[in-house]
Amino acid sequence: MKSIHPDGYIIDKYLDEFTSGEKLKDRYITKSGDIVVRLSSPHSSVYIDEDHRNILVPSLFNIIRLRDRDFFPEFLSIYLNSDKIKKIYKQNSFGTAVEIIQTSLIKKLNIANYNLDMQRRIIRINRLRVEENRLTRELLDKKNEYYEELFDKIFI
């Protein structure tokens with residue numbers, strides 16, 4: 001559950017090893033090009049790249065496999081993470097402790113029809129956003145380390 005960041009990428013350090021005594025069905029295992037959607041709040045989705053295939057997906061997630069090529073899977077993942085779609089999730093979720101959406105809601109969503117060139121642009125912008133956010137968090141962590149070491153030296 002913790003391995004999917006709300007910005008739409010996988011945090012590898014939170015993935016767990018799992019050994020099964022039986023053969024698992026392919027529909028529960030990620031393939032490159034899949035989109036994994038978290039059905040419980042915060043309803044994040046992530047595009048599965050080549051590095052994140054063969055991950056077992058728990059029951060509170062849904063795997064989307066595109067049949068047609070009107071959409072790039074990575075674009076669709078970005079679109080499903082948009083505030084517009086998250087509002088729809090919020091309006092259609094149920095549960096008090098944990099808000100959950102049904103798989104049927106995802107099937108009913110009207111996806112804006114952007115041409116492939118525009119989808120590529122949106123993907124590039126999102127990759128830049130994610131990288132900028134990662135670098136900003138990294139910088140903040142380094143600055144906090146610096147100040148902690150400074151105060152350690154001051155308060156000897």
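As the structure is a computational prediction, the values presented were derived from the model and not from experiment.
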Does [X] reach the main-chain N or O of [Y] with its side chain, forming a donor-acceptor pair under 3.5 Å?
{"X": "D12", "Y": "L15", "answer": "no"}
{"X": "N126", "Y": "I122", "answer": "no"}
{"X": "D34", "Y": "I63", "answer": "no"}
{"X": "H43", "Y": "L39", "answer": "yes"}
{"X": "S45", "Y": "L80", "answer": "no"}
{"X": "S3", "Y": "Y14", "answer": "no"}

Can you get from [X] to [Y] by hopping between Ile, Leu, Val, Met, Phe, Trp and Tyr side chains that sit under 4.5 Å apart?
{"X": "L66", "Y": "L105", "value": "yes"}
{"X": "L140", "Y": "Y147", "value": "no"}
{"X": "Y9", "Y": "F61", "value": "no"}
{"X": "I125", "Y": "V46", "value": "no"}
{"X": "I11", "Y": "V36", "value": "no"}

What distance do [X] atom [atom1] and [Y] atom [atom2] have between them, rounded to the nearest 0.5 Å?
{"X": "I100", "Y": "S40", "atom1": "CD1", "atom2": "OG", "value": "6.0 Å"}
{"X": "E132", "Y": "T136", "atom1": "CD", "atom2": "OG1", "value": "5.0 Å"}
{"X": "L150", "Y": "I154", "atom1": "CG", "atom2": "CD1", "value": "4.0 Å"}
{"X": "N54", "Y": "L56", "atom1": "CG", "atom2": "CG", "value": "10.5 Å"}
{"X": "I64", "Y": "I48", "atom1": "CD1", "atom2": "CD1", "value": "11.0 Å"}
{"X": "E74", "Y": "Y47", "atom1": "CD", "atom2": "OH", "value": "6.0 Å"}

So that I can tick it off, tell me whether R134 and E131 are bridged by a salt bridge, with the cut-off set at under 4.0 angstrom between side-chain N and carboxylate O.
yes

Please find the pair of heavy atoms, one from [X] and one from [Y], that lie closest to each other, and give the distance.
{"X": "L116", "Y": "D70", "value": "CD2-O, 3.6 Å"}
{"X": "S44", "Y": "I4", "value": "CB-CG2, 3.8 Å"}
{"X": "S32", "Y": "R53", "value": "N-CB, 3.8 Å"}
{"X": "I29", "Y": "R65", "value": "O-NH2, 2.5 Å"}

Within the structure provided, determine whether [X] and [Y] are in side-chain contact (heavy-atom separation under 4.5 Å).
{"X": "I35", "Y": "Y79", "value": "no"}
{"X": "D7", "Y": "R129", "value": "yes"}
{"X": "L76", "Y": "P73", "value": "no"}

Under the criterion side chain to side chain contact (heavy atoms under 4.5 Å, CB included), I'd like the reasoning laid out for Y28 against V57: C-alpha separation, chi angles, the key distance, then a yes or no.
CA-CA 5 Å; Y28 302 117; V57 177; 5.5 Å; no

Neighbour count above 12 (heavy atom, 6.0 Å) for [X] [atom1]:
{"X": "Y114", "atom1": "OH", "answer": "no"}
{"X": "D68", "atom1": "CG", "answer": "yes"}
{"X": "F94", "atom1": "CZ", "answer": "yes"}

What salt bridge (charged side-chain N to carboxylate O under 4.0 Å, His left out) pairs are there with at least one residue in residues 78-96, not counting sequence neighbours?
K90-E99

Let me see the working for I10 and I55 under side chain to side chain contact (heavy atoms under 4.5 Å, CB included), right down to the final yes or no.
CA-CA 11 Å; I10 294 178; I55 296 173; 4.1 Å; yes

Going by the rule side-chain contact (heavy atoms from CB on, under 4.5 Å), which residues pair with D117 if we only count those two or more places apart in sequence or in a different chain?
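Expected list: N115, R120, R121.
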
